[in-house]
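Okay, structure first, notes after.
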Number of protein chains: 2
Amino acid sequence: MSLTHAPAGAVRQGSLRELNLALVLGRIAAAHRPPSRADLATATGLTRATVSAVVEDLLAGRLVSESDPAPRSGAGRPARGLVLADQGPAGLGLEVNVDYLTVCVVDLTGQVRHRTVHRADLRPVAPADALAKLVEMAGAARDDAAGQGLTLVGAALAVPGLVDDTGVVRLAPNLGWRDVPVPALLAEHPPLIEQVPGIPALVVDNEANFAALGELHSRPPGPSSFLHISGEVGIGAGIVLDGALFRGVRGWSGEIGHLPVHPEGRPCRCGGQGCLEQYAGQEAIVAAAGLAQAELPADTATARLAELAEAGDADALRALHDAGTALGVAVASVVNLLDLDTVVLGGGYAALAPWLCPPLLAEIAGRVLTAAWSPVTVRPSTLGAEAAAVGAAGSVARRIVAQPAGWLARSA
Amino acid sequence: MSLTHAPAGAVRQGSLRELNLALVLGRIAAAHRPPSRADLATATGLTRATVSAVVEDLLAGRLVSESDPAPRSGAGRPARGLVLADQGPAGLGLEVNVDYLTVCVVDLTGQVRHRTVHRADLRPVAPADALAKLVEMAGAARDDAAGQGLTLVGAALAVPGLVDDTGVVRLAPNLGWRDVPVPALLAEHPPLIEQVPGIPALVVDNEANFAALGELHSRPPGPSSFLHISGEVGIGAGIVLDGALFRGVRGWSGEIGHLPVHPEGRPCRCGGQGCLEQYAGQEAIVAAAGLAQAELPADTATARLAELAEAGDADALRALHDAGTALGVAVASVVNLLDLDTVVLGGGYAALAPWLCPPLLAEIAGRVLTAAWSPVTVRPSTLGAEAAAVGAAGSVARRIVAQPAGWLARSA
DNA sequence: GGCTATTTGTTCAGCCATTGAATTATTTGC
DNA sequence: GCAAATAATTCAATGGCTGAACAAATAGCC
């Protein structure tokens, strides 16, 4: 029932071409097999003549290329398949997290063309120094990408915290950051990307949001509306509705970790009581499993839990069951509210999914009003640990696909 | 950060005019004072020449008219102000609820031009008979509207229950409806509206959704993202994001009444435990206030509660405080999840807002992570009891404003 | 009271992108 | 080797926007 939203501004003569460029390129990106110009014409409703003209622009701008193995169909002149170019514009993804820095490059097709991970405890490091290290890594990534024929057109930085709409990190509790003006700090370094009209040079956002975007664009394509839960020290969620990330009025949506699951329960450091994080957060699970709150690095804690559960350790199994139940109460709220039919467990939860899912599904079945008509699917994320960085880089690449006119104007 | 969404389909030559018609008409609708053609040109970015041509089409189609008191500005040729026409297309709103039937007509400007309410206990009435009565009322409404120069171009029916995307009422528990094929039943009656390309003849949806739409389009215009809670026997919510209703994957979003606020609490008729409805539903409040579960009609129960609270009755005050607290836990979940900054209390809650708000706000302050940076506003709805019918009729009228091309093609 | 500055709204030639039909290109099947 | 079939391009026609010039109507000023 969604109304076809018109573009916000005026529709001038040239917008027509812009919109059709985006339409055709989007179809090429979404297709399962390389479509021909004729396929695109029937799919979009445009004339073959128009599609040819549009495709010519896209080819000239190196956004698409003709696939070598022409898709055979039967009699007639063979079609020339069109695919997204694996050379040309690409996105730079950056991530600062508690115990690592990541940089990666993703091309238009969504492939990861470069990745670097630097493991270190970032908590004692000053934000400016962490970002300087990240810029150093990004420089190497840019050079590597250039060698592969890729041009970086935008950067996206994922952080584990709240980011306002100017890119300032207001609060990243587990990192110890507060009011860090990331764009200003990065502006002191020489630019690594080529500015393209319509593509922001830098986007800063929550890691959970970018991880959800990564999931959205992963192959094979999944549903266009889902909830992606990142279980780390904190618990964040990315909400994808109709193929777009929902960021909320101020960009602070998805704070699922502070949904009250036991309103009179344990106090939370957020000031509330009985927040989900106190029952299904990494620290809570580790403590409930009887593991000493030893200096267990964050990234090995989940691995250790999975090991114990695999071995049948009763404490670990009970801890995971209780966490799954708490998670189920929160997820039931979300599903009742938003009527989503897919929940993706990401971050540390991905590896623990076999033990979290059964209690989680039980809660959903008992608490979701519409569960009888519309079953809810819960599955682990297909992406690895650095999903946020890949999602961030991918979001830049997708933006080129969604708005190719700016890039084409540049390269003309 | 929302990407400018391109129209879904192909952008042909004529789409350009369609889009600009919608753009200009939308500006006229959103303006505070009647804008001139020159105002529209600067606001939209179109040329004055284009705006003139577009406005000429709109005037010819009777969608706008020139306002008599020309807005004076200073030196120069006086501008001619443009306003939405109060004659021409209008929307028909219908509502079936537990104890009344309503029909109303809303014009392009959002004004209610006709309204009829028929009070009766609908629970023992067969769906087909209830709808027949509604059609009878709608016939009178159509005649009245025609006398005022209005043409009905679409109908929208609000029901207190779950509706699937074909318009079948899957479940309306308080009404006793189950799998009622409303479109098929209404198709047996002679058509009351004039079919217009692009405007659906009949839309069936949840009352909470339509009530939220009514709030969205009420004057003066409020925020474009908010949560609208309808507190009746059941508790429903309409979620408005960026000026559009969010309906969920299957259209079953907003079931806030079944958010678990005490996961191990009272059993609910939905099969779950500790649902909000068991603590803040009308029946729960009435019972907690010590009012005999006498045959108190639904629509007088809230009035009686407000009376008692006004008089300082301790039991009523405590009942409302507890309900507000439960509501606050649920709302805190929603706000943490969606980062909304406005909550509207509608339906029976509107009259009880003075007593519900304080505990509700206290819970939000304590449980919402971002409360410190972004205060959440809670206010009662400005619309009356039949908000859903008005919202339904208004949604039809808004659709004409959003897609004027269909109407213009007809009247040409 | 008449002149000028100012703003609104319209007219018109030019231009850009899409259209639709005709044309060319390239293969399969008989 | 020819007909049928499918893909892609060419080209005159068309619709709608642009930009600049022009007409209309008022306030302010001497």
Side-chain angles (χ1 to χ4, degrees), chain A residues 6-7 9-24 28 33-60 64-67 69-82 404-405 408-409 412, chain B residues 6-7 9-24 28 33-60 64-67 69-82 404-405 408-409 412:
Chain A
V11 186
R12 29 190 76 261
Q13 196 80 261
S15 321
L16 219 145
R17 206 20 158 337
E18 278 181 35
L19 292 169
N20 281 333
L21 282 167
L23 179 69
V24 169
I28 295 174
R33 66 193 70 247
S36 66
R37 291 168 175 76
D39 293 337
L40 292 170
T42 56
T44 59
L46 294 168
T47 337
R48 290 200 302 270
T50 305
V51 171
S52 274
V54 168
V55 166
E56 194 174 7
D57 282 6
L58 294 174
L59 284 169
V64 309
S65 54
E66 297 191 320
S67 68
R72 278 266 32 85
S73 47
R77 173 174 168 177
R80 272 182 284 171
L82 297 166
L408 294 178
Chain B
V11 187
R12 31 191 72 262
Q13 196 80 259
S15 322
L16 220 145
R17 207 17 157 347
E18 278 180 36
L19 292 169
N20 282 333
L21 281 166
L23 179 69
V24 169
I28 294 173
R33 65 192 73 247
S36 68
R37 291 167 175 76
D39 292 337
L40 292 169
T42 55
T44 60
L46 294 168
T47 337
R48 289 202 305 266
T50 305
V51 171
S52 274
V54 167
V55 166
E56 195 175 6
D57 281 6
L58 294 174
L59 284 170
V64 308
S65 54
E66 298 191 322
S67 69
R72 278 267 32 86
S73 45
R77 173 175 169 174
R80 272 182 286 173
L82 297 166
L408 293 178

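What you see is a predicted model; the values in this text were computed from it and never measured. Lettering follows sequence order; numbering is per chain, from 1. Side chains are part of it too, since the values below use all heavy atoms of this structure and drop only hydrogens, waters and symmetry mates.
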Worksheet item: To the nearest angstrom, how far is A/Arg80 atom CZ from C/dT24 atom C1'?
Response: 13 Å
Worksheet item: Has the side chain of B/Arg48 got a donor or acceptor that lies under 3.5 Å from a partner of the other kind on the base of C/dG9?
Response: yes
Worksheet item: Hey, does the side chain of B/Thr50 come within less than 4.0 Å of D/dC17's phosphate (OP1/OP2), counting only N and O?
Response: no
Worksheet item: Can you check the A/Arg17 CZ to D/dC17 P distance for me, whole Å?
Response: 18 Å
Item to complete: Could you state the atom-to-atom distance from CG of B/Leu46 to P of D/dG16 in whole Å?
Response: 14 Å
Item to complete: Could you state the atom-to-atom distance from CG of A/Asn20 to P of C/dT19 in whole Å?
Response: 8 Å
Item to complete: Check the surroundings of atom CD in B/Glu56: do more than 12 heavy atoms from other residues, nucleotides or ligands lie under 6.0 Å from it?
Response: no
Practice prompt. Classify the nucleic acid contact of B/Ala38 as base, sugar-phosphate or nothing, counting any heavy atom under 4.0 Å across all strands shown.
Written response: sugar-phosphate
Fill in: Close side-chain approach of A/Val24 to A/Leu82, heavy-atom, < 4.5 Å
no
Worksheet, complete the sentence: Rounded to whole Å, CG of A/Leu40 lies from C1' of D/dA7 at a distance of 12 Å
Worksheet item: Has the side chain of B/Arg77 got a donor or acceptor that lies under 3.5 Å from a partner of the other kind on the base of C/dT8?
Response: yes
Worksheet item: What pair of heavy atoms forms the shortest contact from B/Pro35 to B/Leu40, and how long is it?
Response: CG-CD2, 4.0 Å
Item to complete: Figure out the CZ/C1' separation between B/Arg37 and D/dC17, and round it to whole Å.
Response: 18 Å
Worksheet item: Taking all non-hydrogen atoms of both residues, which atom of A/Arg37 and which atom of A/Val51 are closest, and how far apart?
Response: O-CG1, 3.6 Å
Worksheet item: Does OP1 or OP2 of D/dT6 have a side-chain N or O of A/Ser36 closer than 4.0 Å?
Response: no
Worksheet item: Quick one: is A/Ser52 getting a side-chain N or O under 4.0 Å of the D/dT9 phosphate, OP1 or OP2?
Response: yes
Practice prompt. Compare every heavy atom of B/Ala79 with every heavy atom of B/Ser36, then report the nearest pair and how far apart it is.
Written response: CB-CB, 3.4 Å
Practice prompt. Give the rounded distance in Å between these two atoms: CG of B/Asp39 and P of C/dG9.
Written response: 8 Å
Fill in: Shortest side-chain distance from A/Pro78, nucleotide among C/dT26, D/dG16, D/dA8
C/dT26
Worksheet item: For the pair made of CG in A/Leu19 and C1' in D/dC17, what is the distance, rounded to whole Å?
Response: 14 Å
